[in-house]
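Notes follow the structure.
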Amino acid sequence: MLKLLFFARLREDLGTHEETLELPEGVTSVAALREFLCRRGDNWQTALHRPGLFVAVGQQVAGWETPLQGDEEVAFFPPVTGG
Amino acid sequence: MLKLLFFARLREDLGTHEETLELPEGVTSVAALREFLCRRGDNWQTALHRPGLFVAVGQQVAGWETPLQGDEEVAFFPPVTGG
Amino acid sequence: MIVVQEQDFDLQHEYAALRQDCPSIGAIVTFVGLMRDFNDGDNVKSLFLEHYAGMTENVLADIVEKAKSRWNLQAVRIIHRVGNLLPSDQIVFVGVSSAHRGDAFSACEFIMDFLKTQAPFWKREQTEQGGRWVDARRSDEDSAQRWEK
Amino acid sequence: MIVVQEQDFDLQHEYAALRQDCPSIGAIVTFVGLMRDFNDGDNVKSLFLEHYAGMTENVLADIVEKAKSRWNLQAVRIIHRVGNLLPSDQIVFVGVSSAHRGDAFSACEFIMDFLKTQAPFWKREQTEQGGRWVDARRSDEDSAQRWEK
């Protein structure tokens, strides 16, 4: 199962922090996962296309082309603002 | 009266930390004061020609050409090593 | 030592830990980030800090390793708070000990610059006009990129 | 606040003074210089620190003024010890508070670099081979000259 995490503004926009998801048919990359999630509605479409959106796979910052096997932890979040 | 101060290695080499001195005849600059003091003996000659020797007049780092009136505080010291 | 915690921290305690039992240390540099009561022209009444537990610690450990490979360091300690904070509260501590001051200064600033731009923390601030997520600053990116030279 | 003293100092006290009552402070950087037990390849058993009372304070005040004209600082505190010191003893404290971390880091390092090369302190160290006056380091001159750019 994929573990999906959403942080900060994304968490608020989507109303969810965490979900588990069976890898959807045809989804083999982070980009494809994003497109799959965006079909859930306008708030997903907007939130997952915010400028500067980051994605991490296995707690490492990843690119959109990063492949997915189906058992990863995938996190979406806005630019970081700690310190 | 001039107030002369010697610090650190100079103080040790000369065996003195502080003295007062009537401005000697013909001494109108720091350079001339040094030459006057060097006539006191070899240890003065050596100590006052060490590489990197500093001189301060009125507690400000000064050059050898700095003029003297006769009522200044003149300090000789090696390169600083605090901190 | 890298810790993310809700509770406050004590500079003296961290300093004592950096200093202890190592007579070859010549320099200790500490940084503390405090919550300011204004941001982008507005008064800020409180702050909520969220983070990505697990990834945060990994990113910070990676930044410390980079610093240690670049400078000669004795020890590094990082504490970052999360949860609700008020103006003047301590947010983050970075402390570095080294034989020489140049290494300690550079490493401490390096760690802060990359913590700011890479560690997954997010601030939500409460102003008189309501709540808002803090925007990332271009100047923080610029500070981190200086080190690439 | 600039102080030259024989007695030890307390980082927590200095930090509290820098932090107090100013909710626009976002960053506090502190530096502590400690006595190392080796120098130029020899074990050092003790250190004697001498200074030029009066001129020291003037030079340090001048360095602080230069830092304040160059960066946006809230407060600066400097303590330098003189007299006899042992390995691991605290020698010097420089603390800087500012709205922003970049200013605090730069000013703290600037002050230390010029304190090292301009403030009239001299160290005499006692090694197993006897006593010797510490030589000035070219690297300290280089550190100070960076800021002229």
Side-chain angles (χ1 to χ4, degrees), chain B residues 1-21 29-31 33-34 37-38 42-83, chain D residues 4 31-36 39-40 44 47-63 78-83 85 90-94 108-125 131-141 143-144:
Chain B
M1 297 286 274
L2 285 175
K3 180 178 176 184
L4 305 186
L5 292 167
F6 307 96
F7 290 95
R9 185 178 295 168
L10 257 72
R11 177 177 53 71
E12 284 191 347
D13 288 349
L14 302 174
T16 182
H17 169 51
E18 181 175 340
E19 69 169 278
T20 52
L21 182 73
S29 68
V30 171
L33 175 64
R34 174 162 72 164
L37 294 172
C38 285
D42 284 352
N43 61 328
W44 289 81
Q45 175 72 28
T46 304
L48 294 180
H49 284 90
R50 279 194 186 279
L53 184 78
F54 280 82
V55 63
V57 176
Q59 304 192 349
Q60 302 273 350
V61 169
W64 299 108
E65 299 318 312
T66 303
L68 293 177
Q69 309 292 331
D71 56 352
E72 291 93 345
E73 179 172 305
V74 182
F76 295 93
F77 49 82
V80 303
T81 56
Chain D
V4 180
F31 172 83
V32 177
L34 300 163
M35 183 184 154
R36 285 185 292 142
N39 189 30
D40 284 337
V44 182
L47 197 65
F48 172 73
L49 256 155
E50 174 173 337
H51 81 124
Y52 183 175
M55 182 169 167
T56 311
E57 291 81 351
N58 292 343
V59 168
L60 293 176
D62 190 49
I63 295 170
I78 300 177
I79 302 174
H80 201 299
R81 294 178 70 192
V82 290
L85 297 173
Q90 301 187 125
I91 301 174
V92 55
F93 167 84
V94 177
C108 192
E109 191 166 13
F110 173 96
I111 289 167
M112 272 309 301
D113 285 346
F114 284 96
L115 182 155
K116 277 267 178 188
T117 53
Q118 298 190 343
F121 293 99
W122 301 274
K123 285 180 182 143
R124 189 178 206 284
E125 58 191 17
R132 65 184 183 196
W133 290 95
V134 173
D135 284 327
R137 288 180 189 282
R138 178 61 207 252
S139 60
D140 287 325
E141 272 302 327
S143 293

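Every heavy atom of this structure was used, including side-chain atoms; hydrogens, water molecules and symmetry mates were not. Residue numbering restarts at 1 for every chain, and letters A, B, ... go by the order of the sequence lines.
Heavy-atom pairs under 4.5 Å with chain B were tallied for D:Val59, D:Asp62, D:Asp135; the largest tally goes to D:Asp135. With chain B as partner, the option from D:Leu49, D:Asp140, D:Val82, D:Val134 having the largest number of non-hydrogen pairs under 4.5 angstrom is D:Val134. If you tally non-hydrogen atom pairs under 4.5 Å between each of D:Glu50, D:Gln118, D:Arg137, D:Arg124 and chain B, the highest count goes to D:Glu50. Ranked by heavy-atom pairs under 4.5 Å with chain B, the list D:His80, D:Arg81, D:Met112 is led by D:His80.
Heavy-atom contacts from other residues, nucleotides or ligands closer than 6.0 Å to CG of B:Asp71 number more than 12. For B:Gln45, the CD atom is densely surrounded, since the number of other residues' heavy atoms within 6.0 Å is greater than 12.
In this structure, the side-chain hydrogen bond (donor to acceptor under 3.5 Å, both in side chains) partners of D:Thr56, at least two apart in sequence or on a different chain, are D:His51. Among residues two or more places apart in sequence or in another chain, the side-chain hydrogen bond (donor to acceptor under 3.5 Å, both in side chains) test is passed with B:Asp13 by B:Arg50.
Of all residues in residues 3-12 of chain B, those placing a non-hydrogen atom less than 4.5 angstrom from a non-hydrogen atom of chain D are B:Leu5, B:Phe7, B:Ala8, B:Arg9, B:Arg11, B:Glu12. Applying a 4.5 Å heavy-atom cutoff, the residues of residues 73-83 of chain B that approach chain D are B:Glu73, B:Ala75, B:Phe77, B:Pro78, B:Pro79, B:Val80, B:Thr81, B:Gly82, B:Gly83.
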